[in-house]
Visitor: 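Below: one structure in structure tokens.
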2 protein chains.
Amino acid sequence: MSTIDAKKDNTRPTGTLGALVEAQIEQDIVEGRFLPGDRLDEENLATRLSTSRTPIREALRKLAANGLVTIRPRSGATVSRPSLALVIDLFEVVSELEAFAARLAAQRATDTQLAAIQIAHEDCERLSQSSDAGAYFNANLVFHGAIWSASNNVMLAEQIGTVNKRLAPYRRQITFHPTRKQDSQSEHSQIANALANRKPDVAEKAMRDHVMILSDDALQLARTLRL
Amino acid sequence: MSTIDAKKDNTRPTGTLGALVEAQIEQDIVEGRFLPGDRLDEENLATRLSTSRTPIREALRKLAANGLVTIRPRSGATVSRPSLALVIDLFEVVSELEAFAARLAAQRATDTQLAAIQIAHEDCERLSQSSDAGAYFNANLVFHGAIWSASNNVMLAEQIGTVNKRLAPYRRQITFHPTRKQDSQSEHSQIANALANRKPDVAEKAMRDHVMILSDDALQLARTLRL
DNA sequence: TTCGTATTTCTTGTATACAATAACAAAAAT
DNA sequence: ATTTTTGTTATTGTATACAAGAAATACGAA
């Protein structure tokens, strides 16, 4: 995610310590080193990142505003653990947003952007054969991110990024399953095709279906894994 | 907004001072007492709200995460003043989200929820005649909020709320214009009708058109007013 | 043993002190 | 007069100290 997600945040990425701390904790959550429900002890984090509690607190508050962290007053912060109902809602929202991004991309993407999508798609194809699950996961993100970006709507891309971070733990699980990779790639092909031919309706529907299938599988997996 | 927007935030509304401060500043921005571009001096706010800088800073960081405030490192916080391009993008996103909410509401709203929408619509009708612009603005929010809520997707309602807060200064301007009220009400009628008859496609399209018209007018007004 | 209660400890919330840097102003040079 | 440079001021960023409350533990009673 880090590569494509150079989102123009409202606080410059570099410069202040708090921003670095925030980025660090966010990465730890999104990349699965902190799991949903994990306690985020301020002093603990402060010593681990060798700062005081102040930047930690500010980072945690910002992450809470984005939904990645849940703060119970006077009782501490934990990695958010949304109920199944909320996860379903989040997937529903993101499928609609990504579908809209696909539609816009079909209408507005520059040829360069379309080419980037195509390349990302081919990378996915290639890596779907390989055994490097992590690499495939990243390539997958690049493909989706190329489409968000090609929508040429900055706020839309930002929103999708935010929601997806909250879903990262669940998306991760499913993308790593080998059986899903096959189907996923064929769905990607349909999307890439529709975009290349600039068919907004087709692209939108293909993307919505793709994310909804992903959602169903992720939720089923989450249930069996008692996640 | 405050009435319908009892959103289940990740930090309890009451209890901590920081949360109160945040709510206060957010209100000041959304309700137009702080304008886009206004400087938000920490010490200033601290004395005005009779606390120390610490809760102020935490509140500002959270508001920045939601996009309402922009923080330039070592240079202070201001009320966000998105470029015209970004405002267009935001309207595009919110029109799609609200359209989706209308679709879901047509599919899933309980009869009680549909009744609430109907009542909110009638309140709008009544107040559109009156000269109390503020009251009409609020009734308008209640109508829209009733639909978000009737989508029965908590995350969708939350997202729409967040984006709308960022657009509040622009939406405010246009809703207050008398000529717009007429058209707006007829559009509301179409939406309310589609929902009452549970026609998802019609409701979705009516809502999207409604918000897009609002967007166009708001942007045109913003241009003439050099907002 | 188990439940309830009181006490203790530990973590968070708030205030303040200090350090660093950006904005501002004044002065000098072109 | 304008621009550059330098010094001053003011505001933010970070660390720490203290207060208040929640969680954990130990103790006592049933």
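All values reported here derive from a predicted model rather than from experimental measurement. Residue numbers start from 1 in every chain, and the chains themselves are labelled A, B, ... in the order their sequence lines are given, proteins ahead of strands.
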Visitor: Just by distance, do the side chain of Ser151(A) and the backbone of Trp148(A) share a donor-acceptor pair under 3.5 Å?
Guide: yes
Visitor: Could I get the full list of side-chain contact (heavy atoms from CB on, under 4.5 Å) partners for Arg39(B), not counting sequence neighbours?
Guide: Asp41(B)
Visitor: Whole angstroms only, please: what is the CZ-P distance between Arg72(A) and dT12(C)?
Guide: 12 Å
Visitor: What is the separation between atom CZ on Arg57(A) and atom P on dG13(D), rounded to the nearest whole Å?
Guide: 16 Å
Visitor: Under the salt bridge (Lys or Arg N to Asp or Glu O under 4.0 Å) rule, collect the residues that match up with Asp217(B), sequence neighbours excluded.
Guide: Arg180(B)
Visitor: Considering only nitrogen or oxygen atoms on both sides, find all protein atoms under 3.5 Å from nucleotides 9-11 of chain C and state each distance.
Guide:
none

Visitor: Name the one of Glu43(A), Glu22(A), Glu42(A) that satisfies salt bridge (Lys or Arg N to Asp or Glu O under 4.0 Å) with Arg57(A)?
Guide: Glu42(A)
Visitor: Give me each pair satisfying salt bridge (charged side-chain N to carboxylate O under 4.0 Å, His left out) with a member in residues 140-151 of chain B, each pair once, sequence neighbours excluded.
Guide: none
Visitor: side-chain contact (heavy atoms from CB on, under 4.5 Å) with Ser83(A): which residues, sequence neighbours excluded?
Guide: Ala85(A), Leu86(A)
Visitor: Check the interface with nucleotides 15-17 of chain D: list each N/O to N/O pair with the protein under 3.5 Å, or write none.
Guide:
unit_1, atom_1, unit_2, atom_2, d
dA15(D), OP2, Ser52(A), N, 2.8
dA15(D), OP2, Ser52(A), OG, 2.9
dA15(D), N7, Thr54(A), OG1, 2.7

Visitor: Give a yes or no on whether the backbone of Pro82(B) and the side-chain of Arg166(B) come within a donor-acceptor separation of less than 3.5 Å.
Guide: no
Visitor: Nearest 0.5 Å, please: how far is CD in Glu96(B) from CE in Met212(B)?
Guide: 9.5 Å
Visitor: How long is the line joining CG of Leu60(B) and C1' of dT12(D), in whole Å?
Guide: 11 Å
Visitor: Figure out the CD/P separation between Glu58(A) and dG13(C), and round it to whole Å.
Guide: 13 Å
